[in-house]
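Reviewing the structure listed below.
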Amino acid sequence: MINFAVLGVGRIGKIHAQNVHQNPNCTLKVVADPWVEGTDQLAKELNCSTEYDYFKAIERDDVDAILIGTPTEFHVSLMLHAVRLGKPVLCEKPIDKEFQLALDAVKEVEKYKGQVMLAFNRRFDPDTIAVKNAINANEIGDIRQVIITSRDPGLPSREYLKSSGGILKDMTIHDFDMARFLLGEEPVQVQAIASRLVDPTIEEFGDYDSVMVLLKTKSGKQCVINGSREAVYGFDQRLEVLGSKGMLRTENHKENSLQRYSSTYTQAQEPLLNFFLERHALSYKIELDKFIDAVTNNNSFCTTPFDGLMALHIALCAEEAVRTGQVVKINDLREEINNSNVGLTVA
């Protein structure tokens, strides 16, 4: 039985805290956030202790593992504090919005042989798991193309956009991780275009709301990512993988699969689930189960700090491709890090 501290009581922190509370293989000991009212309310609902200082929650003797659901700017300091105390960490993406800070954090985690799993929740979606299992079973032969559709139901608040780091680092970073996961190879080049088609005023933040990205691996495998901040019909998340022997495809989720036929319409269906917290509710639970299993049985984590670093690197290369209109090379970080004499070896 693992005793958890959940850091952050915003929308994602609440989901994690509720999942820990409901999981029979762990205990929620404390939730922590400087927001006193929100922390007290969540602790009351879940019958656990409160801390208003993240670091004090990490240091508690009755806490074995840390789940970080705070704003991004706190991820590195909290992750490393836990690692130095020998406590395993499940941390929301990204490690940090700045590459050098993320790289230094990865080095530090390796130095202390820390146990850190990055919360790329889409890897744990049952649809994605089914696709990956089919790929591994060679059901469609050699992978040739991956197409990822990723569209949110609407723009987040301006306050959120102002500090998000931009669509490629905030939203499309999930898709970059999915591309690596499904292609089975590292992309070596990227092309990207971006537009402000939903809200031109977000130019104020240097951000975009509509992107198209093309990735290519060394062997020539391709991945197309189309992303938008607004799909008026709901949360649009689809995958298509083309192989030499066939194709795999996933569809969007609805509340139910009922189809209606009448004199005025054909195959009318329920609307799509409207937000990522609804669509990926099960993913977060599976993600927690995988973390607990790895910690309990001393297994490898499904996602690592290097995965977070690589996804951020691709996002930054894509930003450069948007700025320049050129094809941008994606460096082999494994090779660079292993040859940099920094004491870090990436498997």
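Only heavy atoms go into these numbers, but all of them, side chains included; no hydrogens, no water, no symmetry mates.
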Test ring pair (Phe, Tyr, Trp, His ring centres under 6.0 Å) applied to Tyr54 - qualifying residues, sequence neighbours left out: Phe74
By ring pair (Phe, Tyr, Trp, His ring centres under 6.0 Å) - contacts of His16 (at least two apart): Tyr284
Heavy-atom closest contact ([X] atom, [Y] atom, distance):
X      : Y      : result
Ile173 : Pro94  : CD1-CB, 4.1 Å
Lys29  : Cys48  : O-CB, 3.6 Å
Asp307 : Cys302 : OD2-O, 4.1 Å
Thr324 : Val328 : OG1-CG2, 4.4 Å
Thr70  : Gly8   : CG2-N, 3.9 Å
Phe176 : Leu168 : CE1-O, 3.7 Å

With heavy-atom distances below 4.5 Å as the criterion, would you say the side chains of [X] and [Y] are in contact?
X      : Y      : answer
Val295 : Phe301 : yes
Arg180 : Pro187 : yes
Thr128 : Met178 : yes
Glu186 : Asp332 : no
Val188 : Thr217 : no
Met212 : Gln191 : no
Lys221 : Gln145 : no
Ile148 : Leu239 : yes

Do [X] and [Y] share a hydrophobic cluster (ILVMFWY, side-chain heavy atoms under 4.5 Å, transitive)?
X      : Y      : value
Leu316 : Leu215 : yes
Phe4   : Ile286 : yes
Leu80  : Ile68  : yes
Ile193 : Met171 : no
Val20  : Phe124 : yes

salt_bridge([X], [Y]) N-O dist < 4.0 Å:
X      : Y      : result
Lys56  : Glu59  : no
Lys290 : Glu287 : no
Glu230 : Arg151 : no
Arg238 : Glu240 : no

Can you confirm whether [X] is buried at [atom1], in the sense that more than 12 heavy atoms of other residues, nucleotides or ligands lie under 6.0 Å from that atom?
X      : atom1 : value
Asn47  : CG    : no
Lys14  : NZ    : no
Lys44  : NZ    : no
Gln100 : CD    : yes

Stepwise side chain to side chain donor-acceptor pair (under 3.5 Å) test for Tyr233 and Asn252: CA-CA 11 Å; Tyr233 50 87; Asn252 285 308; over 6 Å; no
Spatial distance of atom [atom1] ([X]) from atom [atom2] ([Y]) [nearest 0.5 Å]:
X      : Y      : atom1 : atom2 : result
Ile147 : Leu182 : CD1   : CG    : 12.0 Å
Leu67  : Leu28  : CG    : CG    : 9.5 Å
Asp170 : Ser163 : CG    : OG    : 8.5 Å

Test log, rule side chain to side chain contact (heavy atoms under 4.5 Å, CB included), inputs Ile2 and Asp64: CA-CA 6 Å; Ile2 300 175; Asp64 306 314; 4.0 Å; yes
Would you tell me whether [X] and [Y] have side-chain atoms, one donor and one acceptor, within less than 3.5 Å of each other?
X      : Y      : answer
Tyr52  : Asp40  : yes
Ser150 : Asp175 : yes
Arg122 : Gln237 : yes
Asn226 : Thr149 : yes

Full working for side chain to side chain contact (heavy atoms under 4.5 Å, CB included) between Leu197 and Asp209: CA-CA 7 Å; Leu197 302 175; Asp209 52 47; 4.0 Å; yes
Is it true that a side-chain atom of [X] and a backbone atom of [Y] form a donor plus acceptor pair closer than 3.5 Å?
X      : Y      : result
Thr303 : Leu118 : yes
Asp152 : Gly154 : no
Thr39  : Asp33  : yes
Asn331 : Leu333 : no
His21  : Leu46  : yes

Side chain to side chain contact (heavy atoms under 4.5 Å, CB included), paired with Ile225, selected from Thr172, Val211, Leu214: Thr172
Test side chain to side chain donor-acceptor pair (under 3.5 Å) applied to Asp207 - qualifying residues, sequence neighbours left out: none
Side chain to side chain donor-acceptor pair (under 3.5 Å) evaluation trace for Thr201 with Arg158: CA-CA 10 Å; Thr201 68; Arg158 294 185 69 80; 2.9 Å; yes
For residues 82-90, run the donor-acceptor check on the side chains, cut-off 3.5 Å, and write out each pair with its distance to 0.1 Å, sequence neighbours left out.
unit_1, atom_1, unit_2, atom_2, d
Arg84, NE, Glu108, OE2, 3.4
Arg84, NH2, Glu108, OE2, 3.1
Lys87, NZ, Ile58, O, 2.6
Lys87, NZ, Arg60, O, 2.8
Lys87, NZ, Val63, O, 3.0

Side chain to side chain contact (heavy atoms under 4.5 Å, CB included) assessment of Ile95 paired with His75: CA-CA 6 Å; Ile95 298 173; His75 287 184; 5.7 Å; no
Derivation of the side chain to side chain contact (heavy atoms under 4.5 Å, CB included) call for Leu42 and Glu45: CA-CA 5 Å; Leu42 185 59; Glu45 293 174 7; 3.9 Å; yes
Pairwise ring pair (Phe, Tyr, Trp, His ring centres under 6.0 Å) hits with a residue in residues 77-110, at least two apart: Phe55-His81, Phe99-His313
Would you mind writing out the side-chain donor-acceptor pairs for residues 131-144 within the sub-3.5 Å range, not counting sequence neighbours?
unit_1, atom_1, unit_2, atom_2, d
Lys132, NZ, Phe181, O, 2.6
Asn133, ND2, Ile129, O, 3.3
Asn136, ND2, Lys132, O, 3.4

